[in-house]
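First up is the structure itself, then whatever we jot down about it.
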Amino acid sequence: MALIAAERVKLVSTRSAWSCAALVLTVMIGFGMLIVGNHVEGTFTPTVASTQFGYPFALAVITVLAALSATTEFRVGTIYTSYLAVPRRTPILLAKALVVAVFAFCVGELAAFGAWGAGYLVAPDGLALDSAADWFMVAGTGPVFAFAAVIGVASGLFLQHSAGVALLIVYVLIAEDAVAAIPEVGIEIHRWLPFNVAKKFLSGDGGASGGRNGGNAQVLSDSPLSQPAALGYFAACALILLALAVRSAKKRDSSDE
């Protein structure tokens, strides 16, 4: 518990954590109001998925925040102070991942329900959370952000340099979709990429978007998994990557001693 408390203090005392949280809320709520607001002009019929239009951009921000929580400690050297207090690396790194994941979960839930609430105020017709698909779309954002944060922390442990965090933005926003364009094998690979599978957990078969794919709703995932299985798969990817990152960090520190 002492390690978790220490990591919590380190996270919430940094300006970047609150700046990223504010950016996530702004992006999610802002896009939600903007997309649903177009309905007032008769452009299209909004859905619950319309309110979550900012999700991909907010996901990139939360993943970068998580990575920076690790790389910043290596840059300023506070991680080595923690190592002196607790010589075993694993508990420290796992505590960091847990604290960042909980923070990401809370920010994700606030942002998702905030975006839905803002959209509902603009155009309430058709935006009630009256189906399981609607609840998956909105309430599912928190768990996805939590495991995305674990991936971010793991990536930060691998990189140990803030400059490399830009690669995460490219991966989250562009790289997985680009894989689908590879001839013959691209689509099969794309179905099993982690963030694409996480999207399946949220969007399912499109019930929250009125069956529409793209446009004013989320682009549907082509993963063959069910929604619960999709979350389990995404969580497994995140935890495996974290385990590999912790092992890598321990071996790197041993070689430097």
Side-chain angles (χ1 to χ4, degrees), residues 3-4 7 52 55-56 58-67 69-71 89-109 112 132-133 135-159 164-165 167-180 182 185-205 218-251:
L3 283 176
I4 294 176
E7 292 298 330
Q52 308 298 304
Y55 157 80
L59 179 65
V61 173
I62 212 72
T63 307
V64 167
L65 163 65
S69 72
T71 60
R89 271 52 169 170
T90 301
I92 294 174
L93 300 178
L94 293 182
K96 175 177 292 297
L98 176 61
V99 168
V100 176
V102 171
F103 183 81
F105 174 87
C106 295
V107 172
E109 292 296 287
W135 281 99
F136 267 104
M137 176 60 74
V138 179
T141 301
V144 170
F145 276 22
F147 290 116
V150 173
I151 291 175
V153 171
S155 301
L157 293 177
F158 278 122
L159 296 169
V165 173
L167 296 174
L168 275 177
I169 301 176
V170 175
Y171 181 82
V172 174
L173 293 178
I174 300 173
E176 285 197 354
D177 290 335
V179 168
I182 298 175
V185 299
I187 293 178
E188 289 300 322
I189 296 173
H190 180 258
R191 287 176 179 171
W192 297 99
L193 294 178
F195 287 101
N196 177 56
V197 175
K199 193 187 300 180
K200 181 59 178 280
F201 168 67
L202 293 175
S203 60
D205 296 323
Q218 294 291 333
V219 176
L220 300 181
S221 169
D222 57 359
S223 170
L225 298 175
S226 66
Q227 286 178 277
L231 181 62
Y233 179 89
F234 186 57
C237 289
L239 295 176
I240 290 171
L241 187 62
L242 178 63
L244 293 174
V246 169
R247 182 181 179 184
S248 174
K250 290 169 62 178
K251 291 182 67 175

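FYI, side chains are in, hydrogens and waters are out, and symmetry mates aren't considered; it's all heavy atoms of this structure. All residue numbers in this chain count up from 1 along the given sequence. Treat the numbers as computed from the prediction; the structure is a model and nothing was measured.
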(Q) According to side chain to side chain contact (heavy atoms under 4.5 Å, CB included), who are the partners of A175, at least two apart in sequence or on a separate chain? (A) Y171
**Q.** side-chain hydrogen bond (donor to acceptor under 3.5 Å, both in side chains) partners of Q227, counting only residues at least two apart
**A.** none
Q: Kindly indicate whether the side chain of L220, heavy atoms from C-beta on, has any atom under 4.5 Å from the side chain of K199.
A: no
**Q.** Non-neighbouring partners of Y233 that pass side-chain hydrogen bond (donor to acceptor under 3.5 Å, both in side chains), sequence neighbours left out
**A.** none
Q | Rounded distance [0.5 Å steps], CG in L168 versus CG in L65 | A | 11.5 Å
(Q) Taking side chain to side chain contact (heavy atoms under 4.5 Å, CB included) as the definition, give me every residue that meets it alongside L167, ordered by chain and number, with sequence neighbours left out. (A) none
Q) For I187, does the CD1 atom sit with more than 12 other heavy atoms under 6.0 Å from it, leaving out its own atoms? A) no
Could you tabulate the donor-acceptor pairs under 3.5 Å formed by side-chain atoms of residues 142-149, not counting sequence neighbours?
none

**Q.** Approximate separation, where rounding is to 0.5 Å, of N196 CG and D222 CG
**A.** 5.0 Å
Q: Looking only at non-hydrogen atoms, find the nearest pair between L59 and T63 and report the distance.
A: O-OG1, 2.8 Å
Q: For residues A154 and A245, report the shortest heavy-atom separation together with the two atoms involved.
A: O-CB, 3.4 Å
**Q.** Contacts of type side chain to side chain contact (heavy atoms under 4.5 Å, CB included), residue L244, not counting sequence neighbours
**A.** F158, I240
Q. Does anything in residues 227-238 pair up under salt bridge (charged side-chain N to carboxylate O under 4.0 Å, His left out), and if so which pairs, sequence neighbours excluded?
A. none
Q.
Per the salt bridge (charged side-chain N to carboxylate O under 4.0 Å, His left out) rule, what does the pair list look like for residues 90-100, sequence neighbours excluded?
A. E7-K96, E73-K96
Please tabulate, for the side chains in residues 97-107, all donor-acceptor contacts under 3.5 angstrom to protein atoms that are two or more places apart in sequence or on a different chain.
none

Q.
Among residues at least two apart in sequence or on other chains, which ones pass side-chain hydrogen bond (donor to acceptor under 3.5 Å, both in side chains) with T71?
A. S162
Q.
As an exercise, state the distance from CD of E176 to CG of L193, rounded to the nearest 0.5 Å.
A. 4.5 Å
Q: Could you list the residues that satisfy ring pair (Phe, Tyr, Trp, His ring centres under 6.0 Å) with F201, not counting sequence neighbours?
A: F136
Q.
Quick one, V197 and S221 - any side-chain contact, counting heavy atoms below 4.5 Å?
A. no
Q) If every non-hydrogen atom of Q52 is compared with every non-hydrogen atom of V138, which pair is closest and at what distance? A) NE2-CG2, 4.0 Å
(Q) Can you tell me how far apart NZ (K200) and OG (S226) are? Round to the nearest 0.5 Å. (A) 8.0 Å
(Q) Within a 6.0 Å radius of atom CH2 on W192, are there more than 12 heavy atoms belonging to other residues, nucleotides or ligands? (A) yes
Q: With sequence neighbours excluded, tell me which residues meet side-chain hydrogen bond (donor to acceptor under 3.5 Å, both in side chains) with T90.
A: K250
Q: Enter the distance from I151:CD1 to L239:CG here, rounded to the nearest 0.5 Å.
A: 9.0 Å
Q. If you measure from OG on S155 to CG on L242, what distance do you get to the nearest 0.5 Å?
A. 10.0 Å
